[in-house]
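As structure tokens, the structure follows; a few thoughts come after it.
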Amino acid sequence: MRTMETVFIAMSGGFDSSFAAYLLKKQGYHVVGITFRLLPPSLRDDNNPRACCSIETVHRAQRAAAHLSIPHYVIDLREEFESAVIQPFIDGYQSGDTPNPCVLCNRFIKFSAFAERAFSIGADKIATGHYALVEERSGTHYLLKGTDRSKDQSYFLYPIKPDVLKKIIFPVGHYRKEELKKLAGDLKWDIRSLPESQDICFIPENNYRAFLAPHIQPKPGPIYLTDGTLLGKHGGLHLYTIGQRRGINIPYKEPLYIVDVRPEENSLVVGGKNELGRRIIHAREINILYHTQETVTAKIRYRQKEVPCTYTVHGDSMTVTFAEPISSPAAGQSIVLYHGDIVIGGGIITRNAASKG
RNA sequence: UGGGGUGUCGUCAAGCGGUAAGACACAGGCCUUUGGAGCCUGCAUUCGGAGGUUCGAAUCCUCCCGCCCCAG
């Protein structure tokens with residue numbers, strides 16, 4: 001009988017990661033529960049049960065660990081989170097981009113800082129409650145979509161480095177959400193009452209504009225129609241993103257959407273829905289996990305069906321060309337490539353490089 | 001000051017004597033481990049004001065007020 005593997009699982013106190021811990025334990029791993037401290041005191045919100053490190057959240061994770069009779073520790077990643085996620089989030093909006101904090105968190109916190117820490121103190125593997133899969137096929141590890149396509153979170157996971165990928169387990173990735181709920185119903189502890197994590201963990205009530213308010217000085221500017229007509233004014237570029245409809249506050253014969261954000265002149269360009277499509281997208285800071293010559297697809301947001309495309313890599317950037325225009329690619333968001341279920345990789349969409357098509 | 005036009009929801013706009021369409025905007029909700037999108041719901045007891053005619057008026061008449069053109 002081989003030595004029991006030690007798995008450190010990131011526990012948020014929510015349903016998915018708690019159940020993931022349960023599954024690992026059941027599979028015979030030596031499981032250690034870990035909860036992160038991520039927020040500086042100024043952002044701590046002990047009244048928000050979904051906030052990532054409120055007192056209540058930590059307690060919930062501790063209780064879950066106790067139910068499973070596994071050790072539980074809290075590790076402090078506040079500095080890393082502040083410099084790698086929160087500050088870039090603010091800076092991104094300030095500069096007219098639309099950052100994706102979950103992607104940054106996975107890239108720099110969960111599958112970097114936490115992973116390093118875990119491996120340095122005895123973990124063989126790490127695990128999270130993400131709906132995705134890591135599979136080994138003839139010596140190579142692949143990142144795959146979760147079995148439950150409606151919950152698949154592989155989009156957020158593309159930045160994982162290959163050497164870390166092979167040491168990851170996503171225990172809930174094999175299940176459909178309803179299966180998990182059903183299995184959970186048979187357990188002694190009331191795991192189903194645990195909250196579902198969602199929204200940005202450091203932003204209360206999902207109101208990122210309110211979160212940014214104290215950090216960004218509002219800088220009003222003009223709003224133009226695509227033909228150059230001055231239509232109105234905006235209250236600061238950080239309040240808008242490509243493809244946005246609500247909040248533009250301009251009555252017009254048809255709904256208007258943000259077609260372009262121009263930080264150089266602090267202006268916004270709006271147009272009809274049919275003006276949002278782009279066929280060519282450039283991305284930076286790419287991470288490629290898999291190579292193929294076959295037809296690939298890509299998407300530029302979570303919960304979107306992938307669109308056929310081709311891509312060419314140049315160093316750490318790439319150009320993706322879609323067969324059909326894809327709507328509203330925003331600088332700062334991520335584009336992720338797939339070959340069937342397999343995540344090829346992805347990168348961050350760059351400004352002024354999303355071409356018309 | 002003469003002549004003409006016009007005044008209906010925040011904006012645009014139906015209505016033309018029978019008891020206020022619609023679009024955009026806005027608000028709320030749903031969806032959702034990013035933003036955005038999408039979907040659902042709400043949104044003028046009242047038609048510039050005051051009288052009058054009618055069983056009945058935003059719709060007809062009178063006066064007043066406000067805008068917009070043309071002329072001086």
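The sequence lines fix the lettering, A, B, ..., with proteins before strands; numbering per chain opens at 1. When reading the values below, keep in mind they use all heavy atoms of this one structure, side chains included, and skip hydrogens, waters and symmetry mates.
Judged by distance alone, the side chain of A:Gln244 and the main-chain N or O of A:Arg246 form a donor-acceptor pair under 3.5 Å. Side chain of A:Arg351 to main chain of A:Val261: a donor-acceptor pair is present (N/O by atom type, distance under 3.5 Å, no hydrogens or angles).
From A:His130, atom NE2 reaches atom CG of A:Asn106 across 4.5 Å, with rounding to the nearest 0.5 Å.
Atom pair A:Arg245:CZ and B:G35:C1' shows a separation of 17 Å (rounding to whole Å applied). Look at CD1 on A:Ile326: it is 18 Å from P on B:G36, rounded to the nearest Å. Distance CD (A:Gln333) to P (B:A37): 12 Å, rounded to an integer number of Å. Counting to the nearest Å, the P atom of B:C39 and the NZ atom of A:Lys273 are 8 Å from each other.
With P as the reference atom, B:G56 and B:U19 are 15 Å apart, rounded to whole Å. A distance of about 12 Å separates the P atoms of B:U59 and B:A50, rounded to the whole Å. The gap from the C1' atom of B:C47 to that of B:U6 amounts to 15 Å, rounded to the nearest Å. Straight-line distance between the P atoms of B:G66 and B:A23: roughly 35 Å, to the nearest whole Å. B:A44 and B:G3 have their P atoms separated by 41 Å, with the value rounded to a whole Å. Nucleotides B:A20 and B:C43 have their C1' atoms positioned 14 Å apart, rounded to a whole Å. Between B:C64 and B:G10, the two P atoms lie 28 Å apart (nearest whole Å).
Using N1 to N3 plus N6-O4 or O6-N4 for Watson-Crick, or N1-O2 and O6-N3 for G-U wobble, each under 3.5 Å, B:U6 pairs with B:G66. B:U45 is unpaired under the criterion used here, namely a Watson-Crick or G-U wobble arrangement in which both key atom distances are under 3.5 Å. Pairing for B:G36 is absent, judged as Watson-Crick or G-U wobble with the two contacts each under 3.5 Å. Across all strands shown, the partner of B:A71 is B:U1, judged by Watson-Crick or G-U wobble contacts whose two distances both fall under 3.5 Å. B:A58 makes up no base pair with any nucleotide shown, lacking Watson-Crick or G-U wobble contacts both under 3.5 Å. Nucleotide B:G17 forms no Watson-Crick or G-U wobble pair with any nucleotide shown, as no partner meets the under 3.5 Å limit on both distances.
In this structure, A:Lys182 forms no cation-pi arrangement with A:Tyr175, as its terminal cationic atom is not both closer than 6.0 Å to the ring centre and no more than 45° off the ring axis. A cation-pi arrangement is not found for A:Lys125 relative to A:Tyr29, the charged atom failing to lie both closer than 6.0 Å to the ring centre and inside a 45° cone about the ring normal.
Of the candidates B:U32, B:G36, B:U11, the closest approach to any side-chain atom of A:Tyr208 belongs to B:G36.
Remark: A:Asn206 is in phosphate contact with B:G35, judged by side-chain N or O atoms under 4.0 Å from OP1 or OP2. Side-chain N/O atoms of A:Lys151 include one lying less than 4.0 angstrom from OP1 or OP2 on B:U33. For B:A37, neither phosphate oxygen OP1 nor OP2 lies less than 4.0 angstrom from any side-chain nitrogen or oxygen of A:Arg301. An OP1 or OP2 oxygen of B:U33 is reached within less than 4.0 angstrom by no side-chain nitrogen or oxygen of A:Tyr131. For B:G38, one of the phosphate oxygens OP1 or OP2 lies less than 4.0 angstrom from a side-chain nitrogen or oxygen of A:Tyr257. The phosphate of B:A37 (OP1 or OP2) has no side-chain N or O of A:Arg303 nearer than 4.0 angstrom.
Ring geometry for A:Phe19 versus A:Tyr22: interplanar angle of 30 to 60°, hence tilted.
For B:A27, the base has a donor-acceptor partner in the side chain of A:Arg246 [N/O atoms by modelled type, under 3.5 angstrom].
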